[in-house]
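Here's the structure, in structure tokens; my notes come after.
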Amino acid sequence: MIVAPADYLQQSPFPIEGAQLVVEVISPTSVLRDTETKRALYARAGVPAYWIVVPDADKPTISLAELVLDEPGGQYRFATHYTTEVFETGTPWQVRVDLPQLIARRARMMRVDAG
């Protein structure tokens, strides 16, 4: 998911340089690409906030890491290391994500799918 100004929607290719937030949802086949390769590309483009969401394939767990761009170094640093608790941030704006509630919902869905 990418959060950027609405006028970017009409542009192709999409200019990542204006994005305010990128959220990567990791799958088992994309771990290295999403956590390393794309992270470097987004940092070079100046995207100020980068979140990594990791749903566990076998358990209902969902982890979230928040990285923010360190302007002087041009690299991301962890503002929130992987958490499964309620996540709150002010970057790039106020957001609250109730991960325990999402995990409980996912657990219910996984039980239904397995049943």
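Numbering starts at 1 and runs along the sequence shown.
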**Prompt:** Measuring from Glu24:CD to Arg33:CZ, what's the distance to the nearest 0.5 Å?
**Reply:** 8.5 Å
**Asked** Quick one: CZ on Phe87 to CG on Leu64, what's the gap to the nearest 0.5 Å?
**Response** 5.0 Å
**Prompt:** Can you list every side chain to side chain donor-acceptor pair (under 3.5 Å) pair that touches residues 55-68, not counting sequence neighbours?
**Reply:** Glu66-Thr80, Glu66-Thr89
**Asked** Which distance, rounded to the nearest 0.5 Å, do you find between the NE2 of His81 and the CD1 of Ile52?
**Response** 9.0 Å
**Asked** Should Val68 and Val22 be regarded as members of a common hydrophobic cluster, given that ILVMFWY residues are connected when their side-chain heavy atoms come within less than 4.5 Å of each other, either directly or indirectly?
**Response** no
**Any Ile62 side-chain heavy atom under 4.5 Å of Arg106 side chain** = yes
**Complete:** Heavy atoms of Glu85 and Pro100 approach each other most closely as C-CD, 3.7 Å
**Message:** Quick one, Ile103 and Thr84 - any side-chain contact, counting heavy atoms below 4.5 Å?
**Reply:** yes
**Complete:** Separation between CG (Leu21) and CH2 (Trp51), nearest 0.5 Å, reads 5.5 Å
**Request:** Identify whether Leu99 and Val86 are in the same connected component of the hydrophobic contact network (ILVMFWY, side-chain heavy atoms under 4.5 Å).
**Result:** no
**Asked** Would you say the side-chain atoms of Arg39 pair up with the backbone N or O of Thr35, donor to acceptor, closer than 3.5 Å?
**Response** yes
**Asked** Between Pro48 and Ala19, what is the shortest heavy-atom contact and its length?
**Response** CD-O, 3.4 Å
**Fill in**
When every non-hydrogen atom of Ala43 is compared with those of Gln75, the smallest separation belongs to CB-CA, 4.4 Å
**Item:** Contact summary for Ile26 and Pro55, nearest pair of heavy atoms
**Value:** O-CD, 3.5 Å
**Item:** Heavy-atom closest pair, residues Leu69 and Tyr76
**Value:** N-CD2, 3.6 Å
